[in-house]
**Student:** 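Input: one structure, supplied below.
Proteins come first, then strands; the chains are lettered A, B, ... in the order of their sequence lines, and each starts at number 1.
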Amino acid sequence: MPAGAVAAQEPFHRDEDAQGGAVRAGARGEGEGEAGARVVEDRNCLGEPDTLLRLRSLHDGQRPPHGCEEGRCSCGDGRRPGPVHRGLPEEVRRGAGGVGMARASEDLSRVGRMRLAKLAALKERGFEPYAYSFDVTRHAAPSVADFEELEEEADCEEDRGVAGRWAGRMVGFRSHGKSAFADLEDRTGRVQVYFKRNVLGPDGYSLLDLLDLGDWIGVEGGLFRTRMGQVTILAEDLRLLSKSLRPLPFGKLETDSETGGTTTHSGFADRESRYRRRYADLAVNPGVREVFRVRTRIVTGIRRFLDDLGFVEVETPVLQPLYGGASARPFVTRHLALDRTLYLRIADELYLKRLIVGGMDRVYEIAKDFRNEGIDRFHNPEFTMLEFYQAFADYEDMMEVVERLMATVAEAAAGSRNCTYQGVEIAVEPPFRRVPFVDSLAAALGTDPLDASEDVLLELAETHGASGLEGAGRGKLLDKLFGELVQPGLVQPTFVVDYPKELSPLAKEKRGAPRLTERFELFVAGQELANAFSELNDPIAQRVRFDDQAALRVAGDAEAQQVDEDYIRALEYGLPPTGGVGIGIDRLVMLLTDQASIRDVILFPTLREAE
RNA sequence: GAGCCGGUAGCUCAGUCGGUAGAGCAACGGACUUUUAAUCCGUAGGUCCUGGGUUCGAUCCCCAGCCGGCUCACCA
């Protein structure tokens, strides 16, 4: 389905680009250099309003960059030959004041203009600013660790034999005239690089003048320890791998040598910008990269756990003719060739159970579901759900599986079964506490909710601050009260079990308690993490439940489930006893990475359209 | 959808009891061959979110809007 999405979108984008390009090309004056065109293109791709270039006709030459003028004077002192001197070389100055890129607006970043000028200078000098590849042999953090280990073993203060090639983004630069230090950051961390003019040669060393923070560079050399004791690469060769034209919003990262902790001085903190430009957020905030690495570890851990139990990972339709398996409003779309309405799934449930009917007796799916509802700290319209189904198991069995899965994944993510969520210690330690739904609610209400009439429930709900619930039905009222009175207190992992039937149209009746179902939800830190039941496998009973839902729909409940005849037919073929579980991956990641908002665990969260 | 808070330099923020604005970092020029928030000297940088209104004058006050955050509602 991604293929379909791309197919549908691509022509649109091309069209846009073509038009945008044409318009801008028309607005440009003649004599525009190559670099100018390149940047216009860049702007289109990024689709950003604050472009590096905003073309104006007049002020070129009216206002040559001040610094350049001065530099021009001082470089005439004859102390250094040709283009190899400190500061920006001649061609940069010309570029900055002259053709093409220098048509940059003055209302946007001079930084960007300077970088464009450097780009031109690089090309003029024969440096390829956008390399094709680089043969990386070593990485920052492990190479430093290896070096330290070697030092201890070999007692050599001079082990220059540890050579290699590193590639990464330049995130720090301290020039000292004829030598300079840079910090190179790759996916493993940072390593310092030391450049010396007499090692790199004047030409090679002059490349440093054309580098900026944010550039991707490759260095070749060996490790040594500086006078200050820092393991550092002595660069014997330097390559520019990709020129960064737009300044990254780096903060200053200070490392406390005593505690090893780091403090960020200023930096990229605005939430909106961080979400909209996640690439910059990731580039600049290592902690953000770490959250998403942990997210991957969690998902990988889940897969391994289920695979080891003999579960088979499957893929079921995102585009569904009917939506079901949960109570939520769907996204509606249309298939043109079939001329029919389709819905983006709100759950995987009904398809996965069809697979159990087919004899795939342990299946799971980790995939996006879509719910057309409000956005807040705990809800994103598209979110990742794990569902797994196990034949011949009931909800008791599934509670055990969930306990083991949670403990395993907590260890995979945090290295421990204990975690802190927003200042509260959470022990992910089986067995989890179990509380019957009705008992917990009865304790909070002081009356048995099952025996209370709908009117009484409504009154209770309203006294607890809920409104607009007239005609909502018992199920919704009970759920409302539970969410209001019980849920916030469920901090340590807790299974709430045996939900009223009205709330659970796909769950099997509880043995010996026909008004309840064999269902549990897992709550941690006041949030619902999992929902599971002994699956209702009696097709006749299922039809009755669907009919009840249909009645709710008629009564105006837009979230009541649709009757899925094909699903009933599948049940008629025979669904073995089955336990099923759904786990919200995003919320699980929030818990295990201590993030307060779901947007901080989704790479590109849904936002309003930027102006 | 409602309430509260916010939007000022590339980043983090301060400020103007209404007279078109500042700091630190980043940038640019200069010095410096073991620095590390490098340092020192110098320079430049702003649609004070947008649109109206009040006013001699609005970044500031008022109204409307846009965007974001938090809370509430919704989310079985």
Side-chain angles (χ1 to χ4, degrees), chain A residues 50 63 65-75 77 86-88 92-93 96 106-115 172-183 190 192 194-199 205 212-213 224-230 232 234 246-255 257 263-276 280 284 326-329 371-379 381 465-468 472-473 475-480 482-483 499-500 502-505 521 528 531 549 552 557 559-561 596-597 599 607-611:
Chain A
D50 65 330
R63 206 161 170 286
H66 182 96
C68 289
E69 279 307 303
E70 277 215 35
R72 199 180 270 258
C73 296
S74 69
C75 73
D77 64 9
R86 305 282 357 294
L88 280 183
V92 169
R93 289 151 223 241
E106 69 187 31
D107 56 75
L108 203 263
S109 150
R110 294 171 60 245
V111 178
R113 277 184 293 155
M114 290 311 300
R115 292 188 176 196
F173 189 75
R174 298 172 291 282
S175 169
H176 294 260
K178 298 185 191 67
S179 74
F181 292 88
D183 299 316
R190 292 183 177 195
Q192 180 171 260
Y194 184 42
F195 301 102
K196 289 172 86 164
R197 191 160 183 265
N198 61 358
V199 172
Y205 195 77
D212 292 290
L213 294 190
F224 75 108
R225 197 177 275 280
T226 64
R227 201 177 286 161
M228 299 301 287
Q230 182 161 358
T232 299
L234 177 61
R246 191 180 286 275
L248 281 166
F250 285 112
K252 284 280 182 186
L253 201 67
E254 185 177 18
T255 309
S257 51
T263 318
T264 305
H265 301 267
S266 76
F268 194 40
D270 180 68
R271 282 174 168 273
E272 178 185 0
S273 304
R274 286 183 45 222
Y275 297 143
R276 289 194 195 280
V284 146
S327 302
R329 273 147 50 198
R371 296 189 184 174
N372 206 340
E373 284 159 353
I375 298 175
D376 65 28
R377 204 147 71 82
F378 297 101
H379 299 85
S467 60
K476 210 159 199 165
L477 289 167
L478 290 171
D479 190 60
K480 187 84 222 160
F482 177 83
Y499 281 66
E502 305 94 311
L503 276 171
S504 317
E521 292 195 336
E528 176 193 339
N531 180 22
Q549 290 288 307
L552 285 176
D557 184 350
E559 286 160 0
Q561 304 218 6
S597 170
R599 291 179 163 182
L607 300 173
R608 261 174 232 276
E609 199 176 356
E611 208 188 336

**Student:** Rounded to the Å, how far apart are A:Q230 CD and B:A38 P?
**Tutor:**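 Checked: the CD to P distance equals 11 Å.
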**Student:** Need the pair for B:U33. Rule: Watson-Crick or G-U wobble, both distances under 3.5 Å, any strand; none if unpaired.
**Tutor:**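 WC or wobble partner does not exist here.
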**Student:** Rounding to an integer number of Å, can you tell me how far A:I375 CD1 sits from B:C74 P?
**Tutor:**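 Result: 17 Å.
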**Student:** Tell whether A:S179 reaches the base of B:U34 with its side chain through a donor-acceptor pair below 3.5 angstrom.
**Tutor:**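 No.
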**Student:** Output the rounded distance in Å from OH (A:Y194) to C1' (B:U36).
**Tutor:**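 Interatomic distance, OH of A:Y194 to C1' of B:U36: 13 Å.
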**Student:** Give the nucleotide from the list B:A76, B:A26, B:C32 with an atom nearest to the side chain of A:P505.
**Tutor:**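 Ranking B:A76, B:A26, B:C32 by closest atom to the A:P505 side chain puts B:A76 first.
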**Student:** Taking any heavy-atom pair under 4.0 Å as a contact, classify A:Y275: base, sugar-phosphate, or nothing.
**Tutor:**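 Answer is sugar-phosphate: A:Y275 comes under 4.0 Å of backbone atoms only.
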**Student:** More 5' along RNA chain B: A:S273 or A:F181, using each one's nearest nucleotide?
**Tutor:**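 Looking at RNA chain B, the more 5' nearest nucleotide goes with A:S273.
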**Student:** From the list B:U34, B:C11, B:C28, which nucleotide is the closest neighbour of the side chain of A:R227?
**Tutor:**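 For A:R227, the side-chain atoms sit closest to B:U34.
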**Student:** Indicate the atoms forming the closest heavy-atom contact of A:Y275 with A:L607, along with that distance.
**Tutor:**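 Closest approach of A:Y275 to A:L607, heavy atoms only: CB-CD1, 3.8 Å.
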**Student:** Identify the heavy atoms of A:L552 and A:A560 that sit nearest to each other, and give their distance.
**Tutor:**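 In terms of heavy atoms, the two residues are closest at CB-CB, 3.9 Å.
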**Student:** Using a heavy-atom cut-off of under 4.0 Å over every strand shown, decide if A:N531 touches base, sugar-phosphate, or nothing.
**Tutor:**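 Base contact - A:N531 has a heavy atom under 4.0 Å of at least one base atom.
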**Student:** Whole-Å distance between B:C11 C1' and A:R246 CZ?
**Tutor:**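 Rounded to whole Å, this separation is 14 Å.
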**Student:** Just compare B:U34, B:U35, B:C11 and give me whichever is closest to any side-chain atom of A:F268.
**Tutor:**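 Nearest to the side-chain atoms of A:F268, counting from C-beta on, is B:C11.
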**Student:** With the side chain of A:K480 defined as its heavy atoms from C-beta on, choose the nearest nucleotide among B:A38, B:C70, B:C74.
**Tutor:**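 Comparing B:A38, B:C70, B:C74 against the side chain of A:K480, the answer is B:C74.
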**Student:** What integer number of Å spans the C1' atoms of B:U12 and B:A37?
**Tutor:**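 The same atom, C1', in both gives a distance of 14 Å.
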**Student:** For the pair made of CG in A:N372 and P in B:G1, what is the distance, rounded to whole Å?
**Tutor:**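 Rounded to whole Å, this separation is 14 Å.
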**Student:** Considering all heavy atoms of both residues, which atom of A:Q561 and which atom of A:Q549 are nearest to each other, and what is their separation?
**Tutor:**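 Smallest interatomic distance, heavy atoms only, reads N-OE1, 2.9 Å.
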**Student:** Checking side chain to side chain contact (heavy atoms under 4.5 Å, CB included) for the pair A:K178/A:N198: CA distance, chi angles, key distance, verdict?
**Tutor:** CA-CA 8 Å; A:K178 298 185 191 67; A:N198 61 358; over 6 Å; no
**Student:** Choose from B:A27, B:C70, B:C11 the nucleotide whose nearest atom is closest to any side-chain atom of A:M114.
**Tutor:**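 It is B:A27.
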**Student:** What verdict does the side chain to side chain contact (heavy atoms under 4.5 Å, CB included) test give for A:Q192 and A:T226, after you've listed the backbone C-alpha separation in whole Å, the side-chain angles of each residue and the deciding distance to 0.1 Å?
**Tutor:** CA-CA 10 Å; A:Q192 180 171 260; A:T226 64; 3.9 Å; yes
**Student:** Could you please name the option among B:A27, B:U33, B:U36 that lies closest to any side-chain atom of A:M228?
**Tutor:**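 It is B:U36.
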**Student:** Considering every strand shown, what is the Watson-Crick or G-U wobble mate of B:A44 when both distances are under 3.5 Å?
**Tutor:**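 Across any shown strand, B:A44 pairs with none.
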**Student:** Given the P atoms of B:C13 and B:C49, what is the spacing between them in whole Å?
**Tutor:**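 Here B:C13 and B:C49 have their P atoms 15 Å from each other.
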**Student:** Between B:A76, B:G68, B:C11, which nucleotide gets closest to the side-chain atoms of A:E272?
**Tutor:**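 Closest of the options to the side chain of A:E272: B:G68.
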**Student:** Would you kindly give the CZ-to-P distance between A:F195 and B:U35, to the nearest whole Å?
**Tutor:**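 One finds 17 Å between P of B:U35 and CZ of A:F195, rounded.
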**Student:** Quick check on B:G68: is either OP1 or OP2 less than 4.0 Å from any side-chain nitrogen or oxygen of A:R276?
**Tutor:**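 Answer is yes, contact under 4.0 Å.
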**Student:** For B:C4 and B:U43, measure between their C1' atoms and round to the nearest Å.
**Tutor:**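 It works out to 44 Å between them.
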**Student:** Using the P atom in both, what is the distance from B:G65 to B:G1, to the nearest Å?
**Tutor:**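 One P to the other, the span is 11 Å.
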**Student:** How many Å lie between CZ on A:R329 and C1' on B:G1, as a whole number?
**Tutor:**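 Atom-to-atom, A:R329 to B:G1, this comes out as 12 Å.
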**Student:** Expressed in whole Å, how much space separates the C1' atoms belonging to B:A44 and B:U36?
**Tutor:**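 Roughly 27 Å separates the two C1' atoms.
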**Student:** In the structure shown, which nucleotide is the Watson-Crick or G-U wobble counterpart of B:C4, with both distances under 3.5 Å?
**Tutor:**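 Here B:C4 is engaged in a pair, and the nucleotide opposite it is B:G69.
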**Student:** Specify the separation, in whole Å, of atom CZ of A:F173 and atom C1' of B:U33.
**Tutor:**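 To the nearest whole Å, that distance equals 13 Å.
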**Student:** Closest heavy-atom contact between A:L213 and A:F173?
**Tutor:**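 In terms of heavy atoms, the two residues are closest at CD2-N, 3.8 Å.
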**Student:** Do A:Q192 side-chain and B:U35 base share a donor-acceptor contact under 3.5 Å?
**Tutor:**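 Yes.
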**Student:** Of the nucleotides B:U33, B:A27, B:A73, which one has an atom closest to the side chain of A:D376?
**Tutor:**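 Among the listed nucleotides, the one closest to the side chain of A:D376 is B:A73.
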**Student:** Under a 3.5 Å limit for both distances, which nucleotide forms a Watson-Crick or G-U wobble pair with B:U54, could you say?
**Tutor:**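 The answer is none; no pair meets the criterion.
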**Student:** How far, in whole Å, is B:C28 from B:U20 if one measures between their C1' atoms?
**Tutor:**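 The same atom, C1', in both gives a distance of 26 Å.
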**Student:** Would you say the base of B:U35 and the side-chain of A:R174 have a donor-acceptor pair closer than 3.5 Å?
**Tutor:**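 Answer is yes: a donor-acceptor pair is held.
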**Student:** Can you check the distance between B:A9 and B:C48, where both ends of the measurement are the P atom (answer in whole Å)?
**Tutor:**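 Pairwise P distance, B:A9 against B:C48, rounds to 9 Å.
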**Student:** Taking the C1' atom of each, how far is B:A58 from B:G51, in whole Å?
**Tutor:**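 Those two atoms are separated by 14 Å.
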**Student:** Please determine, for the side chain of A:L503, which listed nucleotide (B:A76, B:U36, B:C32) has the closest atom?
**Tutor:**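 Closest nucleotide to the A:L503 side chain: B:A76.
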**Student:** Is there a donor-acceptor pair closer than 3.5 Å between any side-chain N or O of A:Y205 and the backbone N or O of A:S179?
**Tutor:**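 Side chain of A:Y205 to backbone of A:S179: a pair is present.
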**Student:** Between B:C70, B:U35, B:A26, which one does the side chain of A:T226 approach most closely?
**Tutor:**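 Nearest to the side-chain atoms of A:T226, counting from C-beta on, is B:U35.
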**Student:** Hey, can you tell me if A:H176 and A:F181 have their rings parallel, tilted or perpendicular (30° and 60° cut-offs)?
**Tutor:**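 Rings of A:H176 and A:F181: perpendicular, over 60°.
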